[in-house]
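Beneath this line is the structure, given in structure tokens, with notes to follow.
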Amino acid sequence: MVLLESEQFLTELTRLFQKCRTSGSVFITLKKYDGRTKPVPRKGHVESFEPADNKCLLRATDGKKKISTVVSDSSEVSFGRSTCRDIKKSNI
Amino acid sequence: MPHYQAWEEFTRAAEKLYLADPMKVRVVLKYRHCDGNLCIKVTDDVACLLYRTDQAQDVKKIEKFHSQLMRLMVAKESRSAAMETD
């Protein structure tokens, strides 16, 4: 899973859409993210961790290639436009 | 896995699901250009809500809703973002 910066993510996303024009699907997943980088331990003490509140994770795949990015408040507005702009451009 | 036919109903149920537990809910968009359809799924791994469309006019609605959810996720706790109604 490739973690990218916002702009790079958008470029790669456009590329995914172009690749899947003739066949295949593009999956985009959106989920709230609290900034954890370590997995929750099964037993033993939970490491002190400050959950961030203002981030979300955006992932995209075409079934083969996977890309992802973390969105926090500043870039959020441009994202909403861009992610679905590609779909509109492809014209259902 | 209920497939919603009415957009309004879908958005209402999806917002409710998200607000119940924001950390558990994920939103999945699936786009097939070859078949010309777009599907949006909102799930918390217990309940699952689906809306499928092949209409160009629905793309805008789905995009707006997707941005709305992103805005909710990214809003800080202190300022409670009120959901806009379409």
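Remember, predicted model here, so these are calculated numbers, not experimental data. By convention in this document, chain letters (A, B, ...) are assigned in the order of the sequence lines, proteins followed by strands, and residues within each chain are numbered from 1.
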[X] and [Y]: same hydrophobic cluster, using ILVMFWY side-chain contacts below 4.5 Å?
X	Y	result
B:Met73	B:Met23	no
A:Leu3	A:Phe27	no
B:Phe65	B:Tyr4	yes
B:Val28	B:Val59	no
A:Val26	A:Val2	yes

For a quick test of reading the model, state the closest non-hydrogen atom pair linking A:Ser23 to B:Cys34 and the distance between them.
CA-SG, 3.8 Å
Residue pair A:Gly24 / B:Arg32: nearest heavy atoms and the distance that separates them
C-NH1, 3.8 Å
Looking only at heavy atoms and a cut-off of under 4.5 Å, which of A:Ala60, A:Cys56, A:Cys20, A:Pro51 has the most pairs with chain B?
A:Cys56
Working for side-chain contact (heavy atoms from CB on, under 4.5 Å), residues B:Met70 and A:Leu58:
CA-CA 9 Å; B:Met70 204 186 294; A:Leu58 249 190; 4.3 Å; yes
Contacts of A:Arg59 meeting side chain to side chain donor-acceptor pair (under 3.5 Å) (sequence neighbours excluded), chain-then-number -> none
Close contacts, residues 30-40 of chain A versus chain B, judged by heavy atoms under 4.5 Å:
A:Leu30, A:Lys31, A:Lys32, A:Asp34
At a 4.5 Å cut-off on heavy atoms, which part of B:Lys24 comes close to chain A: side chain, backbone, both, or neither?
backbone
